[in-house]
Amino acid sequence: DDRAAVTQTTEKAAVAAPKAAAKEVITKAEAINIAKTVAKGTVTKVELDNDDDDQSQKYELEFKDGHVEYDVEVDAYTGKVLEVNQELED
């Protein structure tokens, strides 16, 4: 397998303002705009994931830019970028 993977986790502050304590989720469009601050290319997937264990929700987004694929996780309540993975494909 000639694929090189680069993984990085970021504590980057969110671009969007934090939501109220009422636990409102950010919109899909907001999640995409936030993810675009750490990834580039065309959005190929946006999914809202529910975690019943800790009552959290996050957006999982995928971007494709040529031979580079980005996977980004964004907290659905705060808009904080939780994780960024970058993979080079042959």
Side-chain angles (χ1 to χ4, degrees):
D1 191 356
D2 292 331
R3 291 166 35 155
V6 177
T7 303
Q8 66 187 129
T9 301
T10 181
E11 294 295 324
K12 195 166 192 168
V15 175
K19 292 291 179 180
K23 291 259 183 177
E24 294 179 25
V25 297
I26 62 174
T27 66
K28 183 188 292 189
E30 288 174 313
I32 291 169
N33 286 334
I34 292 165
K36 283 182 177 179
T37 67
V38 296
K40 57 185 174 177
T42 303
V43 178
T44 58
K45 175 184 143 188
V46 180
E47 185 176 290
L48 182 59
D49 183 42
N50 298 310
D51 188 344
D52 293 330
D53 293 337
D54 62 3
Q55 301 297 309
S56 68
Q57 289 185 301
K58 64 184 174 186
Y59 280 98
E60 296 177 351
L61 302 98
E62 290 181 3
F63 291 79
K64 182 108 171 146
D65 184 33
H67 292 287
V68 181
E69 184 176 288
Y70 297 89
D71 294 315
V72 182
E73 293 182 0
V74 176
D75 186 296
Y77 297 118
T78 66
K80 179 180 178 183
V81 175
L82 302 173
E83 187 172 328
V84 180
N85 295 312
Q86 180 180 342
E87 188 172 296
L88 181 62
E89 298 178 340
D90 288 335

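Numbers here are sequence positions counted from 1. Model, not experiment: these values are computed from the prediction.
Using a 4.5 Å heavy-atom threshold, the side chains of Leu61 and Ile32 count as touching. Ile34 is not listed as a side-chain neighbour of Val72, based on a closest heavy-atom distance of 4.5 Å or more. Considering only heavy atoms from C-beta on, Glu62 stays 4.5 Å or farther from Tyr70 through its side chain.
Evaluation of the salt bridge (charged side-chain N to carboxylate O under 4.0 Å, His left out) rule for Lys64 yields Glu89 as partners, not counting sequence neighbours. Residues satisfying the side chain to side chain donor-acceptor pair (under 3.5 Å) criterion with Glu60, sequence neighbours excluded, are absent altogether. The side chain to side chain donor-acceptor pair (under 3.5 Å) search around Ser56 returns Asp54, not counting sequence neighbours. In this structure Glu69 satisfies the salt bridge (charged side-chain N to carboxylate O under 4.0 Å, His left out) test with no other residue, sequence neighbours excluded.
Taking OH of Tyr59 as the start and OG1 of Thr27 as the end, the distance is 6.0 Å to the nearest 0.5 Å. Atom CG of Leu82 and atom NZ of Lys80 lie 7.0 Å apart (nearest 0.5 Å). One distance of note links NZ of Lys58 with OH of Tyr77; it measures 12.5 Å at 0.5 Å rounding.
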Would you please test Ile26 and Val74 for side-chain contact (heavy atoms from CB on, under 4.5 Å) and show each step? CA-CA 10 Å; Ile26 62 174; Val74 176; 4.0 Å; yes

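A donor-acceptor contact shorter than 3.5 Å is absent between the side chain of Asp65 and the backbone of Val68.
Within 6.0 Å of NZ on Lys45 lie more than 12 heavy atoms contributed by other residues, nucleotides or ligands.
Nearest approach of Ala39 to Phe63, heavy atoms of both residues: CB-CD1, 3.8 Å.
Using modelled atom types, one finds a donor on one side chain and an acceptor on the other under 3.5 Å when comparing Glu83 with Asn85.
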Enumerate donor-acceptor pairs with a distance under 3.5 Å from any side-chain N or O in residues 46-53 to protein atoms, sequence neighbours excluded.
| unit_1 | atom_1 | unit_2 | atom_2 | d |
| --- | --- | --- | --- | --- |
| Asn50 | OD1 | Gln57 | NE2 | 2.2 |
| Asp51 | OD1 | Asp53 | N | 3.0 |

